[in-house]
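Below: one structure, written as structure tokens.
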Amino acid sequence: MQQYFSYEVDNPNRYGIVELDNNNKIISLEEKPENPKSSFAVTGLYLYDSKAPDICKKLKPSKRGELEITDLNRVYLDNGELENVKLDKSFLWLDSGTHDSLIQASNFVYDTQKNIIKL
């Protein structure tokens, strides 16, 4: 079973989003939706088998002109081979998909390390 990890966010339209049922079963996946069906972002951490490179070779670029990891996930979902692992708020996930979020994440890590060294 292939896995990816999701995390609840405040601004889901910036991410690949997973819609889940009450049993954590995947209903749908969307890449940067205008009207997200959930607030669970796909974090960018994936565990795939050795078939993934061959599947990727068959994918077509999206309307944005990019190969989308969401399309690979959909292939596995359609084959019944994809599992969502929901990270709760005891985990820290830092987005680094924009210049601002990368700077914020970097500053957070820097400040945290600086404070740990002081101890």
Side-chain angles (χ1 to χ4, degrees):
M1 187 67 68
Q2 308 342 290
Q3 296 180 316
Y4 69 88
F5 298 79
S6 66
Y7 191 81
E8 192 165 19
V9 296
D10 293 331
N11 49 355
N13 60 324
R14 287 187 43 213
Y15 308 101
I17 295 300
V18 60
E19 179 185 15
L20 304 164
D21 70 12
N22 291 336
N23 295 316
N24 200 43
K25 187 174 189 268
I26 303 164
I27 298 171
S28 68
L29 296 166
E30 302 176 278
E31 185 61 32
K32 296 181 177 74
E34 287 185 33
N35 299 302
K37 295 178 182 174
S38 89
S39 59
F40 285 94
V42 179
T43 64
L45 178 59
Y46 311 95
L47 301 173
Y48 297 118
D49 61 17
S50 61
K51 297 184 292 187
D54 291 329
I55 294 170
C56 286
K57 289 176 187 175
K58 298 174 185 174
L59 296 178
K60 304 285 187 235
S62 69
K63 291 177 184 176
R64 299 182 319 140
E66 298 178 11
L67 292 176
E68 305 286 356
I69 195 75
T70 299
D71 292 334
L72 174 61
N73 286 335
R74 278 196 194 108
V75 171
Y76 281 111
L77 177 60
D78 291 345
N79 292 334
E81 299 176 352
L82 187 64
E83 179 180 57
N84 177 67
V85 178
K86 196 184 292 185
L87 300 176
D88 63 30
K89 294 300 180 182
S90 68
F91 289 87
L92 174 65
W93 176 66
L94 301 172
D95 174 41
S96 58
T98 65
H99 293 113
D100 287 343
S101 63
L102 178 59
I103 290 169
Q104 291 168 351
S106 297
N107 288 338
F108 178 85
V109 171
Y110 174 80
D111 290 342
T112 301
Q113 289 178 334
K114 190 168 73 173
N115 289 331
I116 290 173
I117 292 171
K118 287 181 183 179
L119 299 176

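Please read all numbers here as calculations on a predicted model, not as lab measurements.
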[atom1]-[atom2] distance between [X] and [Y], expressed to the nearest 0.5 angstrom:
{"X": "Asn84", "Y": "Gln3", "atom1": "CG", "atom2": "CD", "answer": "9.5 Å"}
{"X": "Ile27", "Y": "Lys37", "atom1": "CD1", "atom2": "NZ", "answer": "9.0 Å"}
{"X": "Ile116", "Y": "Asp111", "atom1": "CD1", "atom2": "CG", "answer": "11.0 Å"}

Among side-chain atoms of Thr98 and Asp100, is any donor-acceptor pair under 3.5 angstrom? no
Side-chain H-bond candidate by donor/acceptor type, Gln2 with Asp49, under 3.5 Å: yes
Please check if Phe5 and Leu82 belong to a single hydrophobic cluster, counting links between Ile, Leu, Val, Met, Phe, Trp and Tyr side chain heavy atoms closer than 4.5 Å. no
Quick one: do Val18 and Leu45 end up in the same hydrophobic cluster if we chain Ile, Leu, Val, Met, Phe, Trp and Tyr together by side-chain heavy atoms under 4.5 Å apart? no
Relative to Tyr7, does Lys86 satisfy both conditions: NZ or CZ under 6.0 angstrom from the six-membered ring centre, and within 45 degrees of the ring's axis? no
Between Asn11 and Arg14, is there a donor-acceptor pair closer than 3.5 Å when you use the side chain of the first and the backbone of the second? no
Show your working on salt bridge (charged side-chain N to carboxylate O under 4.0 Å, His left out) between Lys60 and Asp71 and close with a plain yes or no. CA-CA 9 Å; Lys60 304 285 187 235; Asp71 292 334; over 6 Å; no
Do [X] and [Y] come close enough that some side-chain heavy atom pair is under 4.5 Å?
{"X": "Tyr4", "Y": "Val85", "value": "no"}
{"X": "Lys51", "Y": "Glu81", "value": "yes"}
{"X": "Val75", "Y": "Asn79", "value": "yes"}
{"X": "Glu30", "Y": "Glu19", "value": "no"}
{"X": "Phe108", "Y": "Leu92", "value": "yes"}
{"X": "Leu94", "Y": "Val109", "value": "yes"}
{"X": "Pro61", "Y": "Glu68", "value": "no"}
{"X": "Leu20", "Y": "Ile26", "value": "yes"}

My understanding is that only one of Val9, Asp95, Leu87 makes a side-chain contact (heavy atoms from CB on, under 4.5 Å) with Thr43; could you say which?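 Looking at Val9, Asp95, Leu87, the match for Thr43 under the side-chain contact (heavy atoms from CB on, under 4.5 Å) is Leu87.
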Out of Ser38, Ser6, Ser28, which one pairs with Ile17 under the side-chain contact (heavy atoms from CB on, under 4.5 Å) rule? Ser38
Does the side-chain contact (heavy atoms from CB on, under 4.5 Å) test come out yes or no for Ser96 and Gln104, once each step is laid out? CA-CA 8 Å; Ser96 58; Gln104 291 168 351; over 6 Å; no
Just do the side-chain hydrogen bond (donor to acceptor under 3.5 Å, both in side chains) check on Tyr110 and Asn115 with the steps written out, would you? CA-CA 9 Å; Tyr110 174 80; Asn115 289 331; over 6 Å; no
If you count every heavy atom of other residues, nucleotides or ligands that lies below 6.0 Å from Asn107 atom CG, does the total exceed 12?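 Result for CG/Asn107: enclosed.
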Nearest atoms (heavy-atom pairs only) where Arg74 meets Glu31: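 Scanning both residues completely, I find the closest heavy atoms to be NH2-N, 4.2 Å.
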Measure centre to centre between the rings of Tyr48 and Tyr76, then say whether the value is under 6.0 Å.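 Yes, the ring of Tyr48 comes within the 6.0 Å limit of the ring of Tyr76, centre to centre.
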Taking the six-membered ring for Trp and the full ring for Phe, Tyr or His, determine whether the centres of Trp93 and Tyr15 are under 6.0 Å apart.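 Yes, the ring centres sit under 6.0 Å apart.
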